[in-house]
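In what follows, chains carry the letters A, B, and so on, assigned in the order in which the sequence lines appear, proteins first and then strands, with residues in each chain numbered from 1.
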Amino acid sequence: MLRPVVRPTTLNLLEQLTPSLVSRARSFSQPAENLKRNGTPTSSITTRGPRKAKGPLVDPDLREQILAASQSRRFLPSASLTKFNTALAQITEATKAHDLLGALKLWQALEDHLRTLKNSDVRRLPDSHVRDLHKIFVSNGLTALRTRDGKALEKTARDFALQAAKHHSAEAVSVLMVLYIQVENPNAALDFYNECIQVLGPLQPPASLIEESKDANANSSLPKGSDFGLALPEEVVSPDHFDPGRVSAVLAGVAAHAMLDNFKSAFDLYHSAGISASSFRRQHFLQYFSQNPKMEKKVRLYIDRVIVASIVARPISFSKHIANLADLQTIHKLQSFYNHVLDGIFGPEPYLAASPSLLSSSPNLLAALDESCWTALQTGFIKCDRVELAAKVWDDLARAQIKPGVAMWTGLLDSHARRRNSAQAVQTWEMMLGEGIQPDHLSYRALIQALMDDGQMEAGLKMFKEYQQTIGGRELEELGRPVYNTMIHGFLRRNQIEYAAHLLEDMRKHGPKPDLITYNTFFGYYGRQKDFKALSGVLNQMSESNITGDVVTFSTILSALLTVGRKDAPSTVMNLMRKHGIQPNVATYTAIIDAQMRECGEPNLNAALALLVKMEKEDGIKPNEVTYTAILAGLYRGEWISRQKADLVRSKLVQRMRAERVSFSLTTYHILMRAALDSADEQGHIDALDLLREMEDAHVPRVTSTWFILLAGLMRRDKWDAAHEVVGKMINSGHLPSRSLQLMMKDVFANYRAGRVVQQMH
DNA sequence: ATAGGGTTAG
């Protein structure tokens with residue numbers, strides 16, 4: 001008996017553990033690799049007997065399994081074997097020559113031959129060949145298959161695209177669909193799409209990659225269980241792998257409906273696929289229409305609208321999407337997304353409803369924004385300091401004749417609290433009441449935080465009492481606790497330990513029961529006070545209540561120990577955390593890195609930089625702007641290394657922050673500006689001005705310190721023209737200069753004028 | 001949602 005055998009040595013031990021490799025071996029992937037190198041069949045499909053697994057290579061159980069698998073393999077007669085190997089070599093050759101039609105013909109012949117054999121179902125073209133052939137299918141298909149010879153191969157092309165979709169990528173499917181669309185037969189594209197779904201099952205990514213869909217809009221007009229209902233055979237897609245080619249196929253389906261002017265069907269097809277096309281995939285797909293701008297325009301319009309509608313139709317993913325984009329680097333994307341949404345509501349062809357109740361007002365409306373969507377937009381804009389955009393959300397709500405609910409108002413209150421603007425918060429509160437909105441726990445919490453953090457303790461206390469007497473019942477544990485915790489935090493910020501301790505006692509006796517956050521707040525306070533006796537007292541209370549610490553607890557205690565110079569703190573606390581099974585996070589590492597930098601020595605700098613690498617490499621924790629800022633600040637704290645060395649490390653770190661797209665905070669900008677202006681580099685002030693421009697572009701607010709750092713530095717360098725320009729920018733930004741800034745401005749004007757006079761004399 | 005890590009006081 002002749003049997004194909006796979007050389008055991010070519011199989012990596014680890015890979016032997018994965019079932020997919022056994023099936024690959026069955027499909028002759030191994031000899032295919034050799035063919036690729038040599039161009040001719042090799043001896044790796046041999047006529048030798050069954051291989052013997054070598055002794056210590058695998059454990060006995062596993063070896064049994066492998067043997068069993070190899071013996072259950074179907075065998076090819078030697079004539080077929082030769083034929084098979086020759087065909088492989090020919091396909092490889094045609095593929096290399098980018099001869100798509102030739103390769104498809106050979107592939108068809110091979111398939112026909114294999115089909116005549118018994119049990120042929122387990123045999124097919126090796127994956128590496130499928131991949132290579134698929135590649136030229138995608139790059140040449142649109143032109144090659146349009147020719148007369150190509151048209152003759154339509155059926156073969158369809159079969160291959162399907163097989164490739166099953167085992168590698170559905171991109172070829174989308175190419176064929178695009179071809180049908182381009183020859184103005186969109187219905188053929190949709191037929192093929194449906195045929196693919198019959199075979200492949202839903203074109204969905206594995207559950208782990210899609211958002212929870214339980215939030216599906218209650219008013220959604222989506223048909224339940226559309227034609228994506230077929231289960232997927234296990235071996236077709238491994239659960240952790242998702243083929244981006246499937247996104248292209250879905251987009252091709254949308255494009256086909258676009259050609260039929262059927263927006264509703266385009267949406268249904270896209271939405272029920274459960275995918276989310278990235279802008280990269282969208283761009284990639286649209287390239288198929290680069291020769292036909294008119295078609296491209298229409299397809300782009302459909303795809304954009306369908307993507308927006310599909311996100312709106314799932315409020316939770318809507319909020320997540322917004323939160324992801326609410327970042328200085330991506331705010332422009334959030335803005336453009338919002339503009340798309342507005343166009344969907346107010347544009348000439350509305351397809352979105354501004355509220356669920358309006359959804360039924362027109363059959364063209366596919367999805368509705370609910371209050372959480374509007375709130376998410378507001379929160380996102382506020383997070384990026386784009387107050388004017390947050391205000392626009394309110395205007396747009398008014399335009400849609402929707403009255404903002406309590407969550408919208410609370411978003412405003414939160415933003416005032418974050419800016420410690422209690423006056424604005426109180427004003428907002430009164431407007432809210434004026435609108436007849438009933439405040440809830442969250443809005444009371446935000447108002448109290450705004451008051452307490454802005455030094456309005458009396459008023460904060462008053463509101464807290466009002467809260468307790470109105471909706472803040474003691475029994476409302478989960479709802480009321482954040483309000484109480486905010487109150488405690490407010491007291492402790494102002495070092496009002498008696499009030500805080502009193503409230504804690506009250507909570508222990510009457511509820512809401514203190515929780516981990518309550519205790520962490522106290523840890524923070526006692527840590528700042530360097531009162532370790534009191535700190536261990538809280539620790540005892542906590543364990544009495546059976547509450548265990550978390551990363552925040554340990555990080556807080558760690559930085560307390562570090563500020564009192566306990567060098568052993570990092571190792572001790574980290575070991576303790578490990579013992580408790582608590583993973584350190586960015587804050588933990590940042591605390592240690594900061595402490596190293598405060599030592600002001602070259603070895604400490606090296607230790608800090610080593611930690612920066614270690615946290616990411618070993619623990620997979622990405623440093624953030626606080627981490628980098630801690631190092632940058634340390635570089636310029638005192639004169640413990642040369643300016644040149646400090647500047648070198650700074651530029652490397654800045655480079656890395658940019659590469660990693662770490663956002664720069666106000667603090668980061670201040671430190672970098674100061675460093676640039678203090679640098680020995682003649683051009684340092686140019687760097688500082690560039691940073692100012694960057695802040696403007698990113699809408700990072702410029703505060704008194706910003707202008708002070710810039711003006712003081714430029715004046716020190718005698719750069720009066722630049723200083724004059726900065727003063728102009730300050731005035732234009734609407735900043736009201738403090739007394740000391742006004743004095744500096746005077747100085748700048750005088751020297752600038754003097755400089756002009758001198759220039760004119762020459 | 002509320003707690004922890006980075007600037008400096010002009």
Side-chain angles (χ1 to χ4, degrees), chain A residues 375 379 407 410-411 413-414 417-418 440-446 448-449 452-453 478-490 492-493 507 512 514-528 538 542 547 549-560 562-563 573 582 584-598 608 611 615 621 623-637 653 662 664-675 703-713 715-716 737-744:
Chain A
T375 311
T379 312
T410 304
L413 290 168
D414 273 324
R418 212 168 315 130
D440 64 357
H441 300 263
L442 294 173
S443 32
Y444 266 110
R445 196 213 64 74
I448 288 169
Q449 183 180 34
M452 295 297 281
D453 286 3
E478 311 76 32
L479 287 169
R481 195 178 288 113
V483 190
Y484 280 72
N485 282 342
T486 300
M487 207 56 204
I488 286 194
H489 186 244
L492 291 177
R493 266 182 66 88
M507 286 171 76
D515 68 348
L516 180 56
I517 290 175
T518 322
Y519 290 116
N520 282 345
T521 309
F522 276 96
F523 282 131
Y525 170 74
Y526 287 125
R528 262 179 283 136
V538 178
M542 211 170 109
I547 293 173
D550 68 349
V551 223
V552 178
T553 319
F554 284 97
S555 303
T556 310
I557 294 172
L558 171 62
S559 36
L562 286 168
T563 54
V573 175
I582 295 165
N585 68 10
V586 221
T588 324
Y589 271 106
T590 303
I592 303 171
I593 288 173
D594 178 55
Q596 283 292 350
M597 292 306 292
R598 284 176 193 276
L611 271 170
M615 64 189 282
I621 302 163
N624 64 14
E625 79 276 13
V626 184
T627 321
Y628 285 107
T629 307
I631 304 179
L632 290 167
L635 287 173
Y636 297 96
R637 192 151 34 212
L653 287 173
V662 174
F664 290 31
S665 70
L666 182 61
T667 312
T668 323
Y669 280 115
H670 286 175
I671 287 165
L672 289 175
M673 281 178 167
R674 200 185 303 262
V703 299
T704 305
S705 306
T706 322
W707 304 113
F708 185 88
I709 291 166
L710 276 167
L711 290 179
M715 289 163 79
R716 221 180 309 119
S738 63
R739 252 197 84 68
S740 55
L741 270 179
Q742 285 174 22
L743 291 174
M744 291 174 107

query: Is the backbone of A:Thr627 close enough, under 3.5 Å, to the side chain of A:Asn624 for a donor and an acceptor to pair up by distance?
result: yes
query: A:Thr668 and A:Ser665: side-chain hydrogen bond (donor to acceptor under 3.5 Å, both in side chains), yes or no, with the steps?
result: CA-CA 5 Å; A:Thr668 323; A:Ser665 70; 2.8 Å; yes
- request: State whether the side chain of A:Gln742 and the backbone N or O of A:Pro737 hold a donor-acceptor pair below 3.5 Å, judged by distance alone.
  value: yes
- prompt: Can we say A:Arg445 and A:Asp414 salt-bridge, meaning some charged N sits less than 4.0 Å from an Asp/Glu carboxylate O?
  reply: yes
- prompt: So, A:Thr518 versus A:Thr521: side-chain donor-acceptor pair below 3.5 Å or not?
  reply: no
- line: Counting primed atoms, P, OP1 and OP2 as sugar-phosphate and everything else as base, the B/S/- map of nucleotides 3-10 of chain B against protein heavy atoms under 4.0 Å is BBBBB--B
